[in-house]
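Side chains are part of it too, since the values below use all heavy atoms of this structure and drop only hydrogens, waters and symmetry mates.
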Amino acid sequence: QVQLAESGGGLVQAGGSLRLSCAVSGRTFSNYGMGWFRQAPGKEREFVAAISWSGAIRYYADSVKGRFTVSRDNAKAMLFLQMNSLKPEDTAVYYCNADFSRSMVVPAAPGNYWGQGTQVTVSS
């Protein structure tokens, strides 16, 4: 059974940085897409960033472009999100997502596998 587990969330002041990690365990897959989504209180879940299996293709929500960087280590089955210049509006629960049916997560149709989420709180 596949499991995704996020870590690295916390409380940070505006302008600060955090690095989120997501570990994939269970069955071994290759050529799968991974991404990050987030959900703020009272709001719908939204796409943040995605990365292809090879790492050659990455795309971001407009709201995080230039501040967040998504990366992955396939040998360790890990996904990362480096978040810099954090803003209070980045406060949310961040979720890792994996799509084992394609090499890239589609923002409007994410994969079926989700982590439990990690809370990121940015104070002003």
Side-chain angles (χ1 to χ4, degrees):
Q1 184 174 354
V2 175
Q3 290 186 323
L4 279 62
E6 302 95 338
S7 61
L11 173 64
V12 64
Q13 288 189 333
S17 299
L18 282 175
R19 187 184 192 222
L20 305 184
S21 300
C22 173
V24 182
S25 62
R27 292 177 59 189
T28 301
F29 291 87
S30 63
N31 202 29
Y32 57 92
M34 296 200 74
W36 291 96
F37 292 73
R38 67 186 182 187
Q39 187 167 19
K43 295 186 177 181
E44 293 187 351
R45 182 185 63 202
E46 64 175 2
F47 167 77
V48 176
I51 184 169
S52 64
W53 168 255
S54 68
I57 302 172
R58 312 180 193 201
Y59 49 84
Y60 300 90
D62 288 343
S63 58
V64 306
K65 277 181 185 175
R67 300 187 298 121
F68 290 12
T69 302
V70 62
S71 60
R72 66 190 294 169
D73 183 337
N74 291 333
K76 297 181 179 179
M78 295 286 294
L79 176 72
F80 306 99
L81 185 68
Q82 178 66 43
M83 306 186 294
N84 299 329
S85 302
L86 283 161
K87 304 175 181 179
E89 50 264 43
D90 294 319
T91 295
V93 177
Y94 283 70
Y95 296 92
C96 171
N97 178 263
D99 190 337
F100 295 103
S101 67
R102 25 188 165 194
S103 61
M104 194 78 198
V105 166
V106 176
N112 293 328
Y113 293 89
W114 296 91
Q116 81 288 351
T118 186
Q119 176 70 47
V120 171
T121 303
V122 184
S123 62
S124 56

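When hydrophobic clusters are built by joining Ile, Leu, Val, Met, Phe, Trp and Tyr residues whose side-chain heavy atoms come closer than 4.5 Å, directly or via intermediates, M83 is not grouped with F47. Taking hydrophobic clusters as Ile, Leu, Val, Met, Phe, Trp and Tyr residues chained together by side-chain heavy-atom distances below 4.5 Å, V24 shares a cluster with L81. When the side chains of ILVMFWY residues are joined at heavy-atom separations under 4.5 Å, either directly or via intervening members, M104 and V48 end up in two distinct hydrophobic clusters. Cluster annotation: Y95 and L18 are assigned to distinct hydrophobic clusters (Ile/Leu/Val/Met/Phe/Trp/Tyr, side-chain heavy-atom contacts under 4.5 Å, transitive). If you chain together hydrophobic residues whose side chains sit under 4.5 Å apart, M78 and I57 never meet in one group.
Counting heavy atoms from C-beta on, the side chains of D90 and R38 come closer than 4.5 Å. The shortest distance between side-chain heavy atoms of K76 and S21 does not fall below 4.5 Å. Counting heavy atoms from C-beta on, the side chains of P110 and R45 come closer than 4.5 Å.
Listed by chain and number, the residues in a ring pair (Phe, Tyr, Trp, His ring centres under 6.0 Å) with F100 are F29, Y32, Y113 (sequence neighbours excluded). For R58, the salt bridge (charged side-chain N to carboxylate O under 4.0 Å, His left out) test picks out no residue, with sequence neighbours left out. Contacts of S85 classified as side-chain contact (heavy atoms from CB on, under 4.5 Å), with partners at least two apart in sequence or in another chain: R67.
Residues A40 and A92 share a closest heavy-atom pair of N-CB, 3.8 Å. Between G115 and E6, the closest heavy-atom pair is CA-OE2, 3.1 Å. Pairing each heavy atom of Y59 with each of V106, the nearest pair is OH-CA, 4.1 Å. Closest heavy-atom contact between S71 and L79: O-CD1, 3.4 Å. In terms of heavy-atom proximity, S30 sits nearest to W53 at CA-CH2, 3.6 Å. Residues T69 and Y60 share a closest heavy-atom pair of CA-OH, 3.4 Å.
Expressed to the nearest 0.5 Å, how far CD of Q1 lies from OG of S25 amounts to 9.0 Å.
With hydrogens and angles ignored, the 3.5 Å screen pairs a side-chain donor or acceptor of T91 with a backbone N or O of V122. N31 contributes no side-chain N or O that, together with a main-chain N or O of S103, makes up a donor-acceptor pair within less than 3.5 Å. Between the side chain of R72 and the backbone N or O of S52 there is at least one donor-acceptor pair closer than 3.5 Å. With hydrogens and angles ignored, the 3.5 Å screen pairs a side-chain donor or acceptor of W36 with a backbone N or O of F80.
Using the six-membered ring where Trp is involved, F68 and Y94 have ring planes that are tilted, between 30° and 60° apart.
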